[in-house]
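Okay, structure first, notes after.
Position 1 is the first residue of the sequence, and the numbers go up from there.
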Amino acid sequence: MVSINLLKDQRDDERLARKRARLELFAGVCVIASVCAFWGWVAIDVTQSTQRLERKIQAKQSRVALLQTTRQEVLALEEQRQVMTARQERVTALTSELNSPIRLLSVISRVVDPLDVWLLHLQAKDEKITLSGVARSLRDVLKLAKEFEKGLGAVDVVGAGPHAQLPDLFQFSMNVWMGSPDHGGTNS
């Protein structure tokens, strides 16, 4: 007996449909797995980025805290410096009047050569010093004026000329302004 199957096309269609359904299911599962893997990778990357940012924030916060403590220390040191500067200014103000005569005598002892120049009169009032004396030559008077200018301040030679009673000597008079490079050009 021979049997003829007339439903073969129908079975092939069902088999193809089942095969297509399995392929569609497999493709769907692959797409879902790919999407899950992508989102998993994104989630891991976001987590790692978040952790990196948190570490950076903590490092910056520790730097800010260090800078704030350093700033406080600097402000405290600046305050101490201002207090010390004020103290130094007070001490300088109190001792400046005491230093002037010592400085004057120190410069005179260095500048005046007793073999060439003899001081006869010295008067110091505030910043102005009036000197008069006798020198062996006019050059010694000018040398003395230059040395006073280097050591003390501005110098005006008020008068210099031959001595009235001793013609070999020169009489001079000068004003010295201590600590003033330019006294304003006043002559007294």
ask   = Are Trp41 and Val31 grouped together when hydrophobic residues (ILVMFWY) are joined by side-chain heavy atoms under 4.5 angstrom apart?
value = yes
task = Could you grab the distance from atom CD of Gln80 to atom CD of Gln82, nearest 0.5 Å is fine?
result = 11.0 Å
ask   = When rounded to the nearest 0.5 angstrom, what is the spacing between CZ in Arg71 and CG in Leu66?
value = 14.0 Å
key: Residues, nucleotides or ligands: over 12 heavy atoms within 6.0 Å of Gln88 CD   = no
query = Salt bridge or not for Glu78 and Arg81, using N-O below 4.0 Å?
reply = yes
ask   = Going only through I, L, V, M, F, W and Y residues with side-chain contacts under 4.5 Å, is there a path from Phe38 to Val35?
value = yes
query = According to a 4.5 Å side-chain heavy-atom criterion applied to Ile, Leu, Val, Met, Phe, Trp and Tyr, with indirect links allowed, do Leu67 and Val74 form part of one hydrophobic cluster?
reply = no
key: Nearest-0.5 Å distance, CD of residue Glu73 to CG of residue Leu77   = 7.5 Å
Gln61 vs Ile57 side-chain heavy atoms within contact, under 4.5 Å = yes
query = Can you tell me how far CZ of Arg90 sits from OG1 of Thr85, rounded to the nearest 0.5 angstrom?
reply = 11.0 Å
inquiry  = Restricting to non-hydrogen atoms, name the atom on Val157 and the atom on Ala145 that form the minimum distance, rounded to 0.1 Å.
reply    = CG2-CB, 3.9 Å
query = Do Val117 and Lys143 touch side chain to side chain, with heavy atoms closer than 4.5 Å?
reply = no
key: Over all atoms of both residues, closest heavy-atom pair of Arg136 and Phe170   = O-CD1, 3.8 Å
key: Test item: Phe172 and Leu119 side chains (from C-beta on) under 4.5 Å apart, heavy atoms   = yes
Side-chain donor-acceptor contacts of residues 14-30 below 3.5 Å, not counting sequence neighbours, with atom names and distances?
residue	atom	partner	partner atom	Å
Arg15	NH2	Asp12	OD1	2.4

request  = Quick one: do Val141 and Met174 satisfy side-chain contact (heavy atoms from CB on, under 4.5 Å)? Show the steps, please.
outcome  = CA-CA 9 Å; Val141 174; Met174 65 178 68; 4.3 Å; yes
message = For a 4.5 angstrom cut-off between non-hydrogen side-chain atoms, does Glu147 reach Lys150?
response = yes
